[in-house]
Amino acid sequence: MDALVAAHRKPKQARRYPFAARPAARTATTLALAGAATATAFNGTGTADTVLTPAQIKARVDQLYQEAEAATEEYNGAKERTVRARESLDELREESARRAERLNAGRDALGAIAGAQYRAGAVDPVIRLALESDPDGFLERAAVDRLVGQRQAAAVADVRDRLAELDRLRDRAGHRVGELRSRQDELARRKAVVQRKLGAAERLLKQLDSRQRAAYGAPGADRPGARPPEVTAASPRAARAVAYAYSALGRPYVWGATGPASYDCSGLTRAAWRAAGVSLPRTTYTQIGAGRRIDRSELAPGDLVFFYPGITHVGLYVGGGRMIHAPRPGSTVRIASIDEMPFAGATRPA
């Protein structure tokens, strides 16, 4: 407890089999091993002897990027929980420092009372009355002494309460430290999953020639700084969110990024609506719960559109069946059809 108090004396100012002998059995075993090798290669971990067609490579890379984006949203959520745990711990430590200051003030007061009593001496009141040359004055002072005794008792009780509260705060802070460490471990695991899937995708892409890689990563309709067309948004705020999304065209996708230099999918939509004065949650699976759920037929510019069964991708609808979104690593913020991916739902933040 003393270490906790000393480290935070003042609050912040603002603050890792043998083969069978029979030919038929050998044939079955060989086929099974061949199938396993093919499956391994498709998972991006095959040997150099396994050759995939460009179409197979692209299909697997697409799958890996989708899985990486799902892992990225889990990472974003873990990061947000880690931040909250750290903030909660900081608040507890600051409150502990304030309580410790009040406790020390109470102890100082008790020390003053104890010093005064020691200097006065512990003489029996009856004897003091018998020896007193001014009995009336003594009785008046005795009444004051009783009052001082009551105040002393209150001061002792106050110090005792403050000690108990400080102990409770210390226990809560210890719990928060454990929670923070757990969140940090979770964050590291989520990050490792994202990096593993992105690494597998990059290794597969290296099997394509430069022309094929260029075709796979073609930027499409992502004109940097393109002016938004005249649109009828659902609200003035939605119009501002659309304008922001257009201003982000051409910015690179970076997983975990929220702008302004780069974005991931939910980072872009969050930044767009923040520019419109609306605070959205960080992840796709929480953003879909923000605002009013709407049907696809009701879509208007500024609405959020979500994709895949696990709600792992989001874009900002801009009208005409199109959206602005941050698709995947190696790409940029761009305009795309909402039919490019399996539609999962839509919501209108404001």
Side-chain angles (χ1 to χ4, degrees), residues 42-44 55-80 189-202 204-205 216-218 220-222 241 245 248 252-258 262-273 280-299 302-318 320-349:
F42 200 64
N43 281 321
Q56 288 175 317
I57 291 174
K58 291 175 183 177
R60 180 55 183 153
V61 169
D62 284 342
Q63 181 181 345
L64 281 167
Y65 277 148
Q66 180 188 339
E67 292 171 357
E69 188 163 50
T72 294
E73 292 305 308
E74 292 293 339
Y75 168 86
N76 291 337
K79 185 175 183 180
E80 197 168 52
R189 289 194 302 271
R190 302 291 187 187
K191 182 177 182 179
V193 171
V194 175
Q195 292 176 325
R196 185 167 62 248
K197 292 184 180 295
L198 293 180
E202 288 300 315
L204 279 172
L205 284 173
Y216 180 83
D222 57 356
Y253 176 104
V254 173
W255 68 275
T258 59
S262 57
Y263 303 88
D264 63 18
C265 69
S266 58
L268 173 63
T269 52
R270 190 187 200 192
W273 272 100
L280 291 180
R282 176 62 181 95
T283 63
T284 53
Y285 51 84
T286 52
Q287 285 184 7
I288 198 171
R292 180 172 67 88
R293 292 292 292 271
I294 58 173
D295 188 75
R296 181 169 176 155
S297 62
E298 302 176 74
L299 283 173
D303 293 338
L304 302 182
V305 282
F306 299 88
F307 303 92
Y308 299 108
I311 317 297
T312 58
H313 190 73
V314 60
L316 189 82
Y317 189 70
V318 295
R322 302 185 306 165
M323 65 177 172
I324 293 178
H325 72 142
R328 56 173 174 75
S331 67
T332 57
V333 176
R334 64 185 63 178
I335 299 172
S337 168
I338 63 173
D339 294 322
E340 283 190 358
M341 293 168 282
F343 188 81
T347 188
R348 183 165 297 162

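If you read the sequence from its start, that first residue is 1, and numbering goes on from there. These numbers come from a predicted model, not from an experiment.
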Listed by chain and number, what are the salt bridge (charged side-chain N to carboxylate O under 4.0 Å, His left out) partners of [X], not counting sequence neighbours?
X    : answer
R292 : E298
R196 : none
D295 : none
E67  : R60, K197

Just jot down the side-chain hydrogen bond (donor to acceptor under 3.5 Å, both in side chains) partners of [X], sequence neighbours excluded, or say none.
X    : value
Y65  : E202
T72  : none
R348 : D303
Y75  : none

Self-check item: Which residues share a side chain to side chain contact (heavy atoms under 4.5 Å, CB included) with P252, sequence neighbours left out
Solution: S262

Quiz item: How would you list, by chain and number, every residue that makes a side chain to side chain contact (heavy atoms under 4.5 Å, CB included) with A71, sequence neighbours excluded?
Solution: V193, V194

Exercise. Give a yes-or-no answer on whether the side chains of E73 and S266 include a donor-acceptor pair shorter than 3.5 Å.
Key: yes

Quiz item: Which residues satisfy the ring-ring contact (aromatic ring centres under 6.0 Å, His included) test with F306, sequence neighbours excluded?
Solution: none

Exercise. Return the set of residues passing ring-ring contact (aromatic ring centres under 6.0 Å, His included) with W273 (not counting sequence neighbours), or none when no residue passes.
Key: none

Exercise. Would you name the heavy atoms of L316 and G302 that are closest together and state the gap between them?
Key: CD1-O, 3.4 Å

Quiz item: If every non-hydrogen atom of G256 is compared with every non-hydrogen atom of D264, which pair is closest and at what distance?
Solution: N-OD2, 2.9 Å

Quiz item: More than 12 heavy atoms of other residues, nucleotides or ligands under 6.0 Å from NZ of K191: is that the case?
Solution: no

